[in-house]
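Notes follow once the structure below has been shown.
Proteins come first, then strands; the chains are lettered A, B, ... in the order of their sequence lines, and each starts at number 1.
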Protein chains: 2
Amino acid sequence: MKDPGRRPTPFPRRGHNHAKCVRHALVAAAELCARQGERLTPLRRRVLELVWSSHQPIGAYAILDRLKTDGRSAAPPTVYRGLEFLLEQGLVHRIASLNAFIGCADPGHAHSVQILICTQCGAAAELDDGRVNKALGRSAAENGFSVEGRIVELSGVCGSCRGGGDRARAGHRPHVA
Amino acid sequence: MKDPGRRPTPFPRRGHNHAKCVRHALVAAAELCARQGERLTPLRRRVLELVWSSHQPIGAYAILDRLKTDGRSAAPPTVYRGLEFLLEQGLVHRIASLNAFIGCADPGHAHSVQILICTQCGAAAELDDGRVNKALGRSAAENGFSVEGRIVELSGVCGSCRGGGDRARAGHRPHVA
DNA sequence: GCGGTTGGTGTTATATTATAACATTAACAC
DNA sequence: GTGTTAATGTTATAATATAACACCAACCGC
Ligand SMILES: [Zn+2]
Ligand SMILES: [Zn+2]
Ligand SMILES: [Zn+2]
Ligand SMILES: [Zn+2]
């Protein structure tokens, strides 16, 4: 059996079935909200769906534009409220360095994420590496600092874009839309 | 030379001689710019001085207000240009989670910082812990990601605010202005 | 000197991101 | 149904950041 802990990349493969990503995220969100006694209203669900429209972080005003083309009445507070709810439920992550949002790949349990942002394809992915969190906590503690919140955002190039992945077969076309 | 092993906190002590912090920063900046053949103009120097006006991160528009009260003609581009220059020279750091800026405590050599932000006193300090950087790089590499830029910002409570430091002597007064 | 180039700053306008405040509607409890 | 609360609609504005062009001073080659 192949090494179960080994993921070559947390980034999506080119041509992966993204509709499946979206469906899975929406189902997981519905289940999570049901468990928590929270209401995943149509608006909130739609905002989440729009966040998941790709693996590239999306800005609040891009979401707003798409809500408007839905025919729905929408203004900035509409989308920020939706995002606020989704952030509280741990269904999306905010990326401070981009002022943008990405769907959480593993909602339902507390985790502090390290966000990886590919500067080539624009996609973002998340890790939750215990060793990183431990190193951060230890470093802070040694300096008398007790950590409450962490923001870790790494920019660089993902495996697919560097060519180790599907780029060899795909020429130079980006592996995500 | 500083105590090699043990720093109780990289945060400033209450009542420390902050004028000295400012003077030191300005001298170091002048030396750095001279070495690099860059021009630390009066405006840039003043922006840096304002960034250093405290150990709390300062926003661009707060800097702008203070430039205006200098009597100097100033608009947003004035301060953003100054900040852009200082960022390029590594003289200040931008804190993405606060949209604010802090003077670099150790300019003159490339370093990727971990910013500590005290939610109680509002001060920010920087670390450059090799183990953290190593853990981040290894974690990313294992996931096929090659890191170019890092943003690490930890919020929490600094040693001085928790009472291990000078708070015992200071009652509940904040240790920084 | 002088014309040309560059870098820094001044100035006006606008883009982008986010929130305040209050009105209205939908969901729920009793 | 009526009162209560949560969610959404709506208008306005705050906060952060950049575009575009004008001006000026320093510097360079001549
Ligand atoms: Zn997908
Ligand atoms: Zn990529
Ligand atoms: Zn100081
Ligand atoms: Zn503190």
Side-chain angles (χ1 to χ4, degrees), chain A residues 29-30 33-34 36-51 56-89 91-102 117 122 124 151 153, chain B residues 29-30 33-34 36-51 56-89 91-102 122 151 153:
Chain A
C33 288
Q36 304 292 131
E38 299 284 350
R39 296 175 50 198
L40 187 65
T41 63
L43 173 61
R44 291 167 173 176
R45 191 187 136 94
R46 178 62 178 146
V47 171
L48 181 60
E49 188 181 20
L50 290 172
V51 168
Q56 301 176 350
I58 186 172
Y61 280 74
I63 295 171
L64 178 57
D65 288 343
R66 299 185 61 174
L67 283 179
K68 283 177 181 167
T69 66
D70 280 358
R72 181 189 293 271
S73 148
T78 311
V79 56
Y80 279 104
R81 284 167 184 157
L83 288 169
E84 181 183 28
F85 172 83
L86 297 170
L87 287 167
E88 281 166 359
Q89 303 309 313
L91 292 166
V92 307
H93 297 292
R94 180 169 196 277
I95 302 181
S97 56
L98 298 177
N99 294 325
F101 303 84
I102 189 86
I117 306 163
I151 292 178
E153 298 170 12
Chain B
C33 288
Q36 304 293 132
E38 299 284 349
R39 296 174 51 196
L40 186 65
T41 63
L43 173 61
R44 291 167 173 176
R45 191 187 136 94
R46 178 64 177 145
V47 171
L48 180 60
E49 187 180 22
L50 290 172
V51 169
Q56 301 176 349
I58 186 171
Y61 280 73
I63 295 171
L64 178 56
D65 288 343
R66 299 186 59 175
L67 283 179
K68 283 177 180 167
T69 65
D70 281 358
R72 182 189 292 272
S73 147
T78 310
V79 55
Y80 280 104
R81 286 168 184 157
L83 289 169
E84 181 183 27
F85 172 83
L86 297 170
L87 287 167
E88 282 167 358
Q89 303 310 313
L91 292 165
V92 307
H93 297 293
R94 180 170 196 276
I95 302 180
S97 57
L98 299 177
N99 294 326
F101 303 84
I102 190 86
I151 292 178
E153 298 171 11

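- A salt bridge links A/E49 with A/R46: the distance from a Lys NZ or Arg NE/NH1/NH2 to an Asp or Glu carboxylate oxygen falls below 4.0 Å.
- Within the 4.5 Å cutoff, the side chain of B/L43 has heavy atoms near those of the B/L67 side chain.
- At a threshold of 4.5 Å between non-hydrogen side-chain atoms, the residues B/K68 and B/L64 count as touching.
- Of the side-chain N and O atoms in A/Y80, none sit less than 4.0 angstrom from OP1 or OP2 of C/dT19.
- Residue contacts shown for A/R81 include a base, since a base heavy atom lies under 4.0 Å away.
- Under the stacking criterion of a centre-to-centre distance below 5.5 angstrom and an interplanar angle below 30°, A/Y61 sits stacked against the six-membered ring of C/dT17.
- Among the nucleotides C/dT11, C/dT19, D/dA17, the one closest to any side-chain atom of B/P77 is C/dT11.
- Both B/L43 and B/P76 lie near DNA chain C, and the one whose nearest nucleotide falls closer to the 5' end is B/L43.
- B/L67 has its CG atom 12 Å from the C1' atom of C/dT9, to the nearest Å.
- OP1 or OP2 of C/dT17 has not a single side-chain nitrogen or oxygen of B/N99 nearer than 4.0 Å.
- Taking atom CZ of residue B/R46 and atom C1' of nucleotide C/dT9, one finds them 17 Å apart after rounding to whole Å.
- Residues B/L91 and B/C33 are in side-chain contact: their nearest non-hydrogen atoms beyond the backbone lie under 4.5 Å apart.
- Taking only side-chain nitrogens and oxygens, B/S73 comes nearer than 4.0 Å to OP1 or OP2 of C/dT11.
- For the pair A/R81/A/F85, no side-chain contact is recorded, criterion being any heavy-atom separation below 4.5 Å from C-beta on.
- Checking the phosphate oxygens (OP1, OP2) of D/dT8, a side-chain nitrogen or oxygen of A/T41 falls inside 4.0 Å.
- At whole-Å resolution of the value, CG in B/D65 and C1' in D/dA15 are 12 Å apart.
- Rounding to whole angstrom units, CG of residue A/L64 and C1' of D/dT11 are separated by 14 Å.
- Checked against B/F101 for a side-chain contact (heavy atoms from CB on, under 4.5 Å), the options B/V79, B/L87, B/L48, B/I95 give a single hit: B/L87.
- The side chain of A/R44 places an N or O atom within less than 4.0 Å of a non-bridging phosphate oxygen (OP1 or OP2) of D/dT8.
- No more than 12 heavy atoms of other residues, nucleotides or ligands lie within 6.0 Å of CZ in A/R45, so this atom counts as exposed by the packing criterion.
- Between B/I102 and B/V92, the closest side-chain pair of non-hydrogen atoms is not below 4.5 Å.
- To the nearest angstrom, P of D/dG9 lies 7 Å from CZ of A/R72.
- Here the nucleotide nearest the side chain of B/A75, chosen from D/dT16, C/dT12, C/dA18, is C/dT12.
- Between A/E38 atom CD and C/dA27 atom P there is a gap of 17 Å when expressed in whole angstrom units.
- For the pair A/L87 CG and C/dA18 P, the computed distance is 11 Å after rounding to whole Å.
- Rounded to whole angstrom, the span from the CG atom of A/D70 across to the P atom of D/dG9 amounts to 12 Å.
- Between the two ends of the helix from C/dG1-D/dC30 to C/dC30-D/dG1, each summarised by a five-pair axis, the helix axis turns through 30° (rounded to 10 degrees).
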